[in-house]
Structures are given as structure tokens and as C-alpha cells.
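Everything below concerns the one structure shown next.
Heavy atoms only: backbone and side chains are in, while hydrogens, waters and symmetry mates are out.
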Amino acid sequence: MNDRSAAPGGLALVESLVNTVDLESGVDTLDTREGRGRFGITEGGLAEARELRESLRAALLAHAGHPPHRVVTPLGELLARAPLYVAVDGRDGSAALAPATDAPLPSRIAAAVAGALVAGTWMRLKACEAETCHWAYYDRSPAGRGRWCSMRVCGARAKMRRYRAKGT
């Protein structure tokens with residue numbers, strides 16, 4: 001649904017995980033082997049991946065000033081279980097949190113969130129306010145006040161609803 005370019009850095013992983021389900025149609029790419037394979041998810045890890053996805057969606061809705069779409073496990077609880085370590089680059093001495101070897105998805109997500117916090121980009125990753133969408137998008141607007149994943153779809157629908165409501 002999103003007509004925007006992908007989120008920067010590790011946030012692209014977060015964005016792509018949240019966007020594995022189309023809430024309007026109910027199609028979930030994690031139902032397929034290929035969809036799970038993109039994230040290294042086994043069938044046994046599917047429930048955990050979906051729980052992580054929906055906790056991320058709730059956080060991204062909060063970034064946009066909206067309540068959670070449903071009751072979810074707090075994202076902090078899920079990421080607290082993710083093994084990370086401090087990786088130091090031998091060439092320039094820079095450091096970053098990195099997922100442990102053969103990192104499961106939660107560790108890769110935790111590393112992406114940590115990197116985005118340092119870069120100051122975490123709060124720019126949001127979920128569309130349209131209740132039938134909640135698609136993740138990176139808000140590149142100057143003021144950081146984007147509301148929809150797509151002005152052509154969700155934004156246009158919202159504006160048309162407001163316009164029609166004024167006419168009654």
C-alpha cells in the first residue's frame with residue numbers, strides 16, 4: 001500500500017516485518033515459506049514473529065499519536081529477551097549494538113531499533129492512521145507529522161470521508 005521509499009538503515013527490516021500483513025485483505029506473507037524465509041522465521045517461530053510484528057505496529061502507531069490497534073505484549077518486553085553485543089569496528093573504532101551470532105529475528109529487530117535510536121530516526125517510523133491499513137512507513141515530512149502511508153490511497157480516503165461528512 002505504501003508509495004514511499006523504504007525506511008533508512010535497519011529500520012527497513014522493521015518496516016518490512018510490520019508490512020507482512022495487509023489488514024484490509026487479511027493476506028499475511030508470513031503464511032508462506034518464502035515470506036517466512038525473508039526473515040529467517042521457521043514455522044515453529046511463526047507465533048513469536050507475529051507477536052513481535054504486532055508489538056512493533058503498536059509502537060509505530062504510538063509514534064503517530066494513536067493508541068494500540070489491539071492488546072499486545074509491550075515491545076520492550078519482547079526486545080529485552082533479544083541477545084545483543086557491542087560490536088567495535090577495528091578500523092575506525094566505531095561501535096554499535098549488533099545481534100548475536102545466528103541472530104533470531106528479535107535480536108535483529110532490537111539492533112535495528114538501537115541503531116535508529118542513536119541515529120535519531122526511530123520516532124520517524126510510523127504506522128498509517130487508517131484503521132484498515134496501519135501500514136508502516138518512514139515519515140520524511142519536514143515537521144514529522146505524516147499521517148498516512150500513502151496520500152493517494154489512505155490520505156485521499158480520509159479527506160473524502162471528511163468532505164462527505166461536511167456535506168450532510
Side-chain angles (χ1 to χ4, degrees), residues 1-2 4 6-84 97 99-100 103-139 141 144-151 153-155 157-159 161-162 165:
M1 184 138 344
N2 191 339
R4 299 171 185 252
L11 286 181
L13 173 65
V14 175
E15 180 181 48
S16 62
L17 177 61
V18 171
N19 292 345
T20 56
V21 66
D22 181 331
L23 297 180
E24 194 167 24
S25 70
V27 173
D28 186 344
T29 61
L30 295 182
D31 288 336
T32 68
R33 176 180 280 161
E34 297 79 26
R36 290 187 302 275
R38 287 182 40 217
F39 300 97
I41 300 168
T42 63
E43 237 178 285
L46 188 54
E48 178 185 46
R50 285 188 170 134
E51 179 182 37
L52 178 58
R53 176 183 67 194
E54 297 313 314
S55 292
L56 284 164
R57 185 182 319 279
L60 303 186
L61 282 165
H63 290 177
H66 302 292
H69 59 303
R70 66 182 200 206
V71 176
V72 297
T73 303
L75 183 59
E77 285 182 28
L78 296 176
L79 298 184
R81 300 180 232 154
L84 298 174
L97 284 176
L105 183 60
S107 292
R108 291 184 284 140
I109 294 292
V113 170
L117 284 170
V118 170
T121 57
W122 171 236
M123 297 299 287
R124 289 279 184 149
L125 191 61
K126 299 178 179 182
C128 181
E129 76 174 38
E131 289 183 16
T132 58
C133 182
H134 293 318
W135 204 254
Y137 69 94
Y138 189 76
D139 183 0
S141 66
R145 293 191 180 147
R147 299 172 60 188
W148 302 287
C149 63
S150 167
M151 280 303 298
V153 180
C154 293
R157 287 176 183 170
K159 289 179 178 191
R161 278 192 295 276
R162 278 198 307 273

Which heavy atom in [X] sits nearest to a heavy atom in [Y], and how many Å separate them?
X: Leu125; Y: Leu60; value: O-CD2, 3.2 Å
X: Ile41; Y: Ala49; value: CD1-CB, 3.5 Å
X: Val14; Y: Ala112; value: CG2-CB, 4.1 Å
X: Val72; Y: Ser55; value: CB-OG, 3.9 Å
X: Ala136; Y: Val18; value: CB-CG1, 3.7 Å
X: Pro106; Y: Leu79; value: O-CD2, 3.8 Å

Counting C-beta onward and ignoring hydrogens, is there a side-chain heavy-atom pair between [X] and [Y] closer than 4.5 Å?
X: Phe39; Y: Leu30; value: yes
X: Arg36; Y: Thr42; value: no
X: Glu54; Y: Thr73; value: no
X: Arg57; Y: Val21; value: yes
X: Leu52; Y: Leu75; value: yes
X: Trp122; Y: His63; value: yes

>> Side chains of Glu129 and His134: any donor to acceptor distance under 3.5 Å?
In response: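 Absent: no donor and acceptor within the cut-off.
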
> In terms of side-chain heavy atoms, does Arg53 have a donor or acceptor partner in Thr20 at a distance below 3.5 Å?
Replying inline: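 The criterion, which ignores hydrogens and geometry beyond distance, is satisfied for Thr20 and Arg53.
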
>> So that I can tick it off, tell me whether Arg50 and Asp31 are bridged by a salt bridge, with the cut-off set at under 4.0 angstrom between side-chain N and carboxylate O.
In response: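 Salt bridge flag = yes for Arg50 with Asp31.
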
> Between the side chain of Glu15 and the main-chain N/O of Ala7, is any donor-acceptor distance below 3.5 Å?
Replying inline: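 Between the backbone of Ala7 and the side chain of Glu15 there is a qualifying donor-acceptor contact (under 3.5 Å).
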
Starting at [atom1] of [X], measure out to [atom2] of [Y] and round the result to the nearest 0.5 Å.
X: Leu97; Y: Ser107; atom1: CG; atom2: OG; result: 11.0 Å
X: Thr121; Y: Leu11; atom1: OG1; atom2: CG; result: 4.5 Å
X: Leu17; Y: Arg38; atom1: CG; atom2: CZ; result: 9.0 Å
X: Leu13; Y: Leu105; atom1: CG; atom2: CG; result: 6.0 Å
X: Asp139; Y: Lys126; atom1: CG; atom2: NZ; result: 4.0 Å

> Does CD in Glu51 sit with more than 12 non-hydrogen atoms of other residues, nucleotides or ligands closer than 6.0 Å?
Replying inline: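 Above 12, so yes.
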
